Novice: 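There's a structure below that I have some questions on.
Lettering follows sequence order; numbering is per chain, from 1. It should be emphasised that the depicted structure is a prediction, and the values quoted were computed from it without experimental measurement.
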Protein chains: 2
Amino acid sequence: MAYEGGTGSTRAAILKEARRCFAERGYEGTSLNDIAAGVGIRRASLLHHFPSKSAIYQAVFEQALADWGERISKSVDEPADPEEEGWTHVDRVLTEAVRWFAENRDFVRLVRHESLADGSHLGFDLGEALRPYFQRAVNYFEREMGAGRLRKLDPEQLIISGYGAVLTYFSDEHFLRGLLGRDPMDEKAIESRIQAIREFFRAALEP
Amino acid sequence: MAYEGGTGSTRAAILKEARRCFAERGYEGTSLNDIAAGVGIRRASLLHHFPSKSAIYQAVFEQALADWGERISKSVDEPADPEEEGWTHVDRVLTEAVRWFAENRDFVRLVRHESLADGSHLGFDLGEALRPYFQRAVNYFEREMGAGRLRKLDPEQLIISGYGAVLTYFSDEHFLRGLLGRDPMDEKAIESRIQAIREFFRAALEP
DNA sequence: GTCTATACTCGGATAGAC
DNA sequence: GTCTATCCGAGTATAGAC
């Protein structure tokens, strides 16, 4: 749990703006001036709240991963018709996940920048940190495929493919705008994307 | 066509090393010192061959896109059993493409860094530059799906999904190593990946 | 074509006044 | 907690000798 002293609001504002900047331009592409300007304070004042640039980066990730963990718990554990199984269950979790990514593009771009880098700015390994979630998903698919409720495919490879197919759309906005010649992030486009992902995975997974 | 004067070999060495560096650490993460050290000359000497850092970056992309165009022509036009159609054709082109990406990971990482960025370092829009290839693929899928030789899905969305699923594996090496707990790029792992991609798309596309 | 030397800018970080 | 002032290193780019 992060320390919350006196005026936590400045710290929160810094984290918010830093997340935006790091997501947009990556670690090297973001300067303390960029963050400070967004918050409305001076560069030196940032370093009253955090000891260094990389400390800000790490704090942004701690918060982002906490949000992610909370969201996972909600979607996978909590509600859910208990008889929900096979494709119906996958479809619901997938759809909720895609909607969350669409609404949290900063998170997606942050993760993608870090995945593409060599991890030297983050104090820990992002892949290792996400491995428990990954393993849980692998176990789920193994069970459902073994029971014949989903088509038999390699679960690890399936999840990696899904990860790439889903996250790329929301991370590479500028590229897709050029490729498609239209705005890939307006409401209608995002809804089309969600439906396309659902149909694609249904075609691949329904036995 | 790029100018080739007297000692083209230094220029070529610079481009080769620059491609490696930009692919590994992106535009901001690469310094002229990094490139110069790899070539075995001094920073100032780079600027005898290219007017600026961004000019080197642009030249790297020109060359990379030329390689890409050449490769596309070979695989799509040239050989091919003329009666090859439907999934059989897609499978061959897909497999050849994935193998090429596996062997040209610098190209993949270069493209992904640029896709994730806002395009301000490149003199042109990468998405627009690739649009003709994209349109050609879209037209192909429309034809085959219309003829009932492939399952009907949205062609644009399908290609974007494939783009994300295929390229992510070869760009996010460090992340995948942490996620899987093993080397995702050894020969066996890559062969498994290729087979998994083929099976996944076969499941989704075979009518 | 490559080098050294240098100019200039920017980024991260610290010291100390208010 | 925020500021100004300052230090230091790294980065891009240029000038000019060899």
Novice: Give the rounded distance in Å between these two atoms: CG of A/Leu46 and P of C/dG11.
Specialist: 13 Å
Novice: Can you identify which nucleotide, out of C/dT4, D/dT2, D/dT4, has its nearest atom closest to the A/Ala44 side chain?
Specialist: D/dT4
Novice: Under 6.0 Å between ring centres, would you say that holds for A/Phe107 and A/Trp100?
Specialist: yes
Novice: With a 4.0 Å cut-off, would you call A/Glu103 and A/Arg99 a salt bridge?
Specialist: no
Novice: Should the pair B/Asp34-B/Arg25 be classified as a salt bridge under the 4.0 Å nitrogen-to-oxygen rule?
Specialist: yes
Novice: Below 4.0 angstrom from OP1 or OP2 of D/dG1, is there any side-chain N or O of A/Ser45?
Specialist: no
Novice: Can A/Arg177 and A/Asp183 be counted as an ion pair, charged N to O under 4.0 angstrom?
Specialist: yes
Novice: Please check the phosphate of C/dT2 (OP1 and OP2 only) for any side-chain N or O of B/Thr10 closer than 4.0 Å.
Specialist: yes
Novice: Centres of the B/Tyr163 and A/Phe175 rings: under 6.0 Å?
Specialist: yes
Novice: To the nearest angstrom, how far is A/Ile56 atom CD1 from C/dG12 atom P?
Specialist: 9 Å
Novice: Among D/dG1, C/dG1, C/dT4, which nucleotide has an atom closest to any side-chain atom of A/His49?
Specialist: D/dG1
Novice: Output one line per pair: protein atom, nucleotide atom from nucleotides 7-11 of chain D, and distance, for all N/O pairs under 3.5 Å.
Specialist:
none

Novice: Tell me: NE2 of B/His48 to C1' of C/dG1, nearest whole Å?
Specialist: 5 Å
Novice: Which whole-number value in Å describes the distance from B/Leu47 CG to C/dC3 P?
Specialist: 12 Å
Novice: In whole Å, what is the span from the CD1 atom of B/Ile41 to the C1' atom of C/dT4?
Specialist: 15 Å
Novice: Atom CZ of B/Arg42 and atom P of D/dA15: how far apart are they, to the nearest Å?
Specialist: 21 Å
Novice: To the nearest Å, how far apart are A/Phe50 CZ and D/dG1 P?
Specialist: 12 Å
Novice: Less than 4.0 angstrom from a charged side-chain N to a carboxylate O is my criterion; do B/Glu24 and B/Arg20 meet it?
Specialist: no
Novice: Taking the six-membered ring for Trp, are the ring centroids of B/Tyr27 and B/Tyr57 within less than 6.0 Å of each other?
Specialist: yes
Novice: Using whole Å, report how far OH of A/Tyr57 lies from C1' of C/dA13.
Specialist: 20 Å
